[in-house]
> 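Here it is, the structure, as structure tokens.
Hydrogens, waters and symmetry mates are skipped; everything else that's a heavy atom, side chains included, is used. Whatever order the structure lists them in is the order used to number ligands and atoms, beginning at 1.
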Amino acid sequence: MNSNQPSTSAHDVIVIGSGAAGLTAALALAQDHKVLVLAKGTLTGGSTAWAQGGIAAVLDAGDTFENHIRDTMVAGAGLNRRETVEYVIERAPHAIERLMALGVPFNTEGSNADKALHLTREGGHSHRRIVHVDDATGWAVQSALLQAAQANPNITLLPGRACIDLITGRHEKRYSGSGRVWGAYALDEATGRVETHVARATVLATGGAGRVYQFSTAPRGATGDGIAMAWRAGARVSNMEMMQFHPTCLYNLEVKNFLITEAVRGEGGQLKHPVTGNRFMPEYDERLELAPRDIVARAIDDQIKRFGLDYVHLDISHQPPEFVKEHFPTIHEKLLSLGIDMTREPIPVVPAQHYTCGGVLIDLAGRTDLPGLYAAGECTESGLHGANRLASNSLLECFVFGEAAAADILDRWDAFDEPPPINPWDESRVTDSDEEVVIKQNWTEIRRFMWNYVGIVRTTKRLERAQHRIAMLNHEVEEYYSNFRVATDLIELRNLLQSAELIVSSALKRHESRGLHYTLDYPAMLAEPRDTVLVP
Ligand code: FAD
Ligand code: SIN
């Protein structure tokens, strides 16, 4: 192709994102159709590859779907949609079977005839029900899905593509006000050119917005791109105030986002005051270290603030060293490289942002408000997590909704029209940025005020301060965006700011404390759970 020509490519379906949700959808769609998978950066750059603990599923004879449903809704403080919770949980065992068929080597116990999947336990779960691959489940899942996608002749994987915006009716050559989605404009990160990718259906699977916070376990690319793109295109988003903080991220001045899996507490790890060595969870909840995440994170935050601490201790050194090494080989090795031997001493930990419970509103078939646009995984609000996600329910959500979105597209295929002619990306009025420092400064500023003003414990005054700053930055970023050629950092900054705005607006609308949204101005929980739905 002539490099000066606008580049347009047409496909049956476009999937944006190559994590658990995107690749699950792509593999199911590829039975019948040609699928293009676009991914920012590398194909393994999303959160999926970093998941540690595992995947929740009812697989033990003593456990029931009803137990898992109840645990999910207790953790979610009743904001979950029961229909969704049932839908996902009942499909969990089948999702695990599919992953095993793809070759995911889940840990087992027993031998020969007695051999069964090893189930670990995490906070908020009343039973052992987490299947895992040591303490690096995500990497095993990501590798198996990617291998299957690479081997599938109907799937084209295009890494290094940062999608900028969804293509809708207003980008058609014959302008239409329709919100019908026809694909996406994507920046080729290697050449700096913007490509036009069109398709009959598009699946958003772009992950969360964790990087909106200064401290987060999420990878660098978790900047809420899909949520912001869908919002700009006209889709509703829901419950964005429900940002989950994981209680135990390693406290280390150099390694800032290394997670210490909840399974450490599931296997007996205890939280202790670092000076007195006393366990403090008995002060906060009868479920102790295995209370749901929001409660444990708030307890740690309280200890840190009350005693002026930098961190608290997570201690599993009372377990036999072989047990610790066998269950947590990746964490053990990583900590040893930093001079901490978890078999003999406690681990310094702090809470950090971990998961985006809110997102693009979808129904049980993964459909968004916009015709032709589906979504799955962490970028969505499906009704599963409510006000606080139960540990290890999110990979599960990716598999179930990746599959559901694909099934609905396959079912309705004949109703999806061919894309009309689309305008190419217009770059005629922009030049290269002359002040990269603006982007860096704004990234840092957003992440810092979000951490300080919109964190684990909130107040209306702090939320309003954040809102004020967002308004000022909006003006600056939009001006920058209109004048300079797009680059990944700039695309992400715009989306990060949009995500921050959605989080703060949602938080200001909720006049109660429920699950992850805890505000000193409205400490009580209202009788009726109600979603915070924002309409563009
Ligand atoms: P991701 O896996 O995040 O993938 C997003 C994809 O979208 C990537 O390919 C990215 O490149 C692409 N993308 C983003 N923006 C763009 C753009 N503009 N253009 C093109 N592509 C784009 N959950 C569990 O259930 N169990 C666990 O044990 C667990 N452990 C976790 C540990 C850590 C450290 C973290 C951070 C999360 C953990 N989670 C866990 C949560 C879980 O990993 C995620 O919710 C899940 O993997 C999200 O999958 P996804 O497919 O929705 O998105
Ligand atoms: C963890 O391993 O603690 C993370 C599990 C999750 O986020 O679901």
> For the pair His385 and Tyr355, evaluate ring pair (Phe, Tyr, Trp, His ring centres under 6.0 Å) and give the outcome as yes or no after the intermediate values.
CA-CA 11 Å; His385 308 307; Tyr355 185 80; 5.2 Å; yes

> Return the orientation label for the His125 and His68 ring planes: parallel under 30°, perpendicular over 60°, tilted otherwise.
tilted

> For His354, counting its heavy atoms only, list the atoms of ligand 2 lying under 4.0 Å from any of them.
4 (C), 6 (C), 7 (O)

> Using a threshold of 4.0 angstrom between heavy atoms of the protein and any atom of ligand 1, which residues qualify?
Ile16, Gly17, Ser18, Gly19, Ala20, Ala21, Leu38, Ala39, Lys40, Gly46, Ser47, Thr48, Trp50, Ala51, Gln52, Gly53, Gly54, Arg161, Ala162, Cys163, Ala205, Thr206, Gly207, Thr217, Ala218, Asp225, Leu259, His354, Tyr355, Gly377, Glu378, Arg389, Ser392, Asn393, Ser394, Leu395, Cys398

> My understanding is that only residues two or more places apart in sequence, or in another chain, count here; which of them pass side-chain hydrogen bond (donor to acceptor under 3.5 Å, both in side chains) with Thr156?
none

> So, is Gln52 polar-close to ligand 2, with some N/O to N/O distance under 3.5 Å?
no

> With a cut-off of under 6.0 Å to the ring centre and 45° to the axis, is Arg91 in cation-pi contact with Phe399?
no

> So, do Tyr185 and His171 have ring centers that fall under 6.0 Å from each other?
yes

> Atoms of ligand 2 less than 4.0 Å from Arg389 heavy atoms?
6 (C), 7 (O), 8 (O)

> Applying a strict 4.0 Å limit to heavy atoms, is Ala263 in contact with ligand 2?
no

> Is it true that Arg128 and Asp60 make a salt bridge, defined as a side-chain N closer than 4.0 Å to a carboxylate O?
no

> Any nitrogen or oxygen of Thr261, main chain or side chain, under 3.5 Å from a nitrogen or oxygen of ligand 2?
yes

> Would you please say whether a donor-acceptor pair under 3.5 Å links the side chains of Gln244 and Asn388?
yes

> Would Thr330 and Asp135 count as having a side-chain donor-acceptor pair, cut-off 3.5 Å?
yes

> Enumerate the atoms of ligand 2 whose separation from the nearest heavy atom of Ser392 is less than 4.0 angstrom.
6 (C), 8 (O)

> Atoms of ligand 2 less than 4.0 Å from His246 heavy atoms?
1 (C), 3 (O), 4 (C)

> If you measure from atom 6 (C) of ligand 2 to every heavy atom of Arg293, Gln244, Glu262, which option wins on shortest distance?
Arg293

> Does Phe280 have Lys272 sitting over its ring (NZ/CZ under 6.0 Å from centre, angle to axis within 45°)?
no

> Numbering the atoms of ligand 2 from 1, which are under 4.0 Å from a heavy atom of Ala391?
8 (O)

> What part of Leu259, side chain, backbone, both or neither, has a heavy atom within less than 4.0 angstrom of ligand 2?
side chain

> Less than 6.0 angstrom from the centroid, inside 45 degrees of the normal: does Arg220 satisfy that with respect to the ring of Trp443?
yes

> Do Tyr213 and Phe245 have ring centroids that are under 6.0 Å from one another?
yes

> Quick check: Asn393 and ligand 2, any N/O pair under 3.5 Å apart?
no

